Amino acid sequence: QLQLVESGGGLVQPGGSLRLSCAASEFSLDDYALGWFRQAPGKEREAVSCISSSGKSTKYADSVKGRFTISRDNANNTVHLSINSLKPEETGVYYCAADGPYYGASDYCGLLAYYNYWGQGTHVTVSS
């Protein structure tokens with residue numbers, strides 16, 4: 001069973017930055033498309049970004065384009081989400097998820113894809 005563990009959340013002032021990480025143990029993430037999602041209090045979970053197993057394809061929700069950057073470090077079995085210019089309404093729980101496996105260095109990732117493995121989430125609070 002692929003297990004994902006997020007880290008890097010915390011309290012940050014509006015306009016601040018964070019770098020979230022998601023690591024897997026025991027299983028390689030190499031063949032998985034990886035995504036980041038978030039859920040604000042009282043709202044439904046939404047897709048934020050995804051990256052293909054090849055690392056060549058990335059996608060972002062319109063609301064975060066230009067401020068969020070997804071990257072993967074296959075050597076360390078980790079995916080990161082760098083977040084800049086955070087807004088108070090982006091407070092919530094941020095989850096990473098894995099979709100796959102896709103063998104052969106796939107360039108596919110989908111914000112609306114079915115992700116079959118999920119982490120427990122890391123809390124991000126944007127407040128002054």
Side-chain angles (χ1 to χ4, degrees):
Q1 179 83 3
L2 179 61
Q3 294 185 330
L4 303 171
V5 179
E6 301 93 336
S7 62
L11 174 64
V12 61
Q13 292 187 342
S17 300
L18 281 176
R19 189 186 192 216
L20 307 182
S21 298
C22 174
S25 58
E26 298 186 20
F27 288 88
S28 172
L29 293 176
D30 288 5
D31 296 319
Y32 290 83
L34 302 170
W36 282 96
F37 299 75
R38 66 185 179 191
Q39 187 167 18
K43 296 188 176 181
E44 292 187 355
R45 187 169 60 196
E46 63 174 343
V48 172
S49 181
C50 68
I51 186 167
S52 63
S53 61
S54 69
K56 294 179 180 179
S57 176
T58 59
K59 295 180 182 177
Y60 298 91
D62 288 344
S63 60
V64 306
K65 284 180 180 177
R67 298 187 297 118
F68 288 25
T69 303
I70 191 170
S71 61
R72 63 189 299 154
D73 179 357
N74 285 351
N76 290 297
N77 221 25
T78 304
V79 61
H80 303 286
L81 185 69
S82 296
I83 308 174
N84 297 315
S85 303
L86 274 161
K87 306 173 183 179
E89 58 265 35
E90 295 181 309
T91 291
V93 181
Y94 284 67
Y95 301 90
C96 72
D99 169 28
Y102 295 97
Y103 298 112
S106 169
D107 291 335
Y108 169 77
C109 82
L111 294 177
L112 299 180
Y114 175 75
Y115 286 78
N116 38 351
Y117 300 100
W118 291 83
Q120 294 298 307
T122 185
H123 289 259
V124 173
T125 302
V126 186
S127 176
S128 55

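Heavy atoms only: backbone and side chains are in, while hydrogens, waters and symmetry mates are out. Worth saying up front: this structure is predicted, and the values here are computed from it rather than measured. Residue indices begin at 1 and follow the sequence shown.
- When side chains are defined from C-beta on, I83 does not count as touching V48, because their heavy atoms never get closer than 4.5 Å.
- Residues V5 and L18 do not share a hydrophobic cluster, clusters being chains of Ile/Leu/Val/Met/Phe/Trp/Tyr side chains in contact below 4.5 Å.
- With T78 contributing its side chain and D73 its backbone, the two residues share no donor-acceptor pair below 3.5 Å.
- Q39 CD: more than 12 foreign heavy atoms inside a 6.0 Å radius.
- The distance from the OG atom of S54 to the OH atom of Y102 is 12.5 Å, given to the nearest 0.5 Å.
- The hydrophobic clustering, which links ILVMFWY residues whose side-chain heavy atoms are closer than 4.5 Å, places W36 and L2 together.
- Side-chain contact between L4 and L29 is present, with at least one heavy-atom pair separated by less than 4.5 Å.
- Nearest heavy atoms, P14 versus S128: CD-N, 3.7 Å.
- L81 contributes atom CG, which lies 11.5 Å from atom CG of L34 (distance to the nearest 0.5 angstrom).
- With values rounded to the nearest 0.5 angstrom, D99 atom CG is found 11.5 Å from L111 atom CG.
- Within the 3.5 Å criterion, the main-chain N or O of K59 finds a donor-acceptor partner in the side chain of S49.
- Checking D30 against S28 by side-chain atom types alone, a donor-acceptor pair falls below 3.5 Å.
- Closest heavy-atom contact between A47 and A61: O-CB, 3.5 Å.
- A side-chain donor-acceptor contact under 3.5 Å links E6 to the backbone of C96.
- Nearest heavy-atom pair, S21 versus H80, reported as atom, atom and distance to 0.1 Å: OG-ND1, 2.9 Å.
- Listed for the R38 side chain is no donor-acceptor partner under 3.5 Å among the backbone atoms of G92.
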Exercise for the section: Might you work through the side chain to side chain contact (heavy atoms under 4.5 Å, CB included) test for L11 and S127, ending with a clear yes or no? Expected result: CA-CA 7 Å; L11 174 64; S127 176; 4.1 Å; yes
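- Using bins of under 30°, 30° to 60° and over 60° for the plane-to-plane angle, the ring pair Y32/Y117 lands in the perpendicular bin.
- If you take CZ on R72 and CG on N74, they are separated by 4.5 Å, rounding to the nearest 0.5 Å.
- For the atom pair CG of L20 and CZ of F68, the computed distance is 8.0 Å after rounding to the nearest 0.5 Å.
- Contact annotation: the side chain of S7 never approaches that of T122 to less than 4.5 Å [non-hydrogen atoms, C-beta and beyond].
- Counting all heavy atoms, side chain and backbone alike, Y108 lies closest to A113 at OH-CB, 3.3 Å.
- To the nearest 0.5 Å, atoms OH (Y95) and CD (Q120) are separated by 8.0 Å.
- Remark: the backbone N or O of S52 is not paired with any side-chain donor or acceptor of D107 at under 3.5 angstrom.
- The shortest non-hydrogen separation linking C109 to S57 is SG-O, 4.1 Å.
- Environment of CD in E89: crowded, with over 12 heavy atoms of neighbouring residues, nucleotides or ligands closer than 6.0 Å.
- Relative ring orientation between W118 and F37 is described as tilted, the plane-to-plane angle lying within the 30° to 60° band.
- Between I70 and Y60 there is a side-chain heavy-atom pair separated by less than 4.5 Å.
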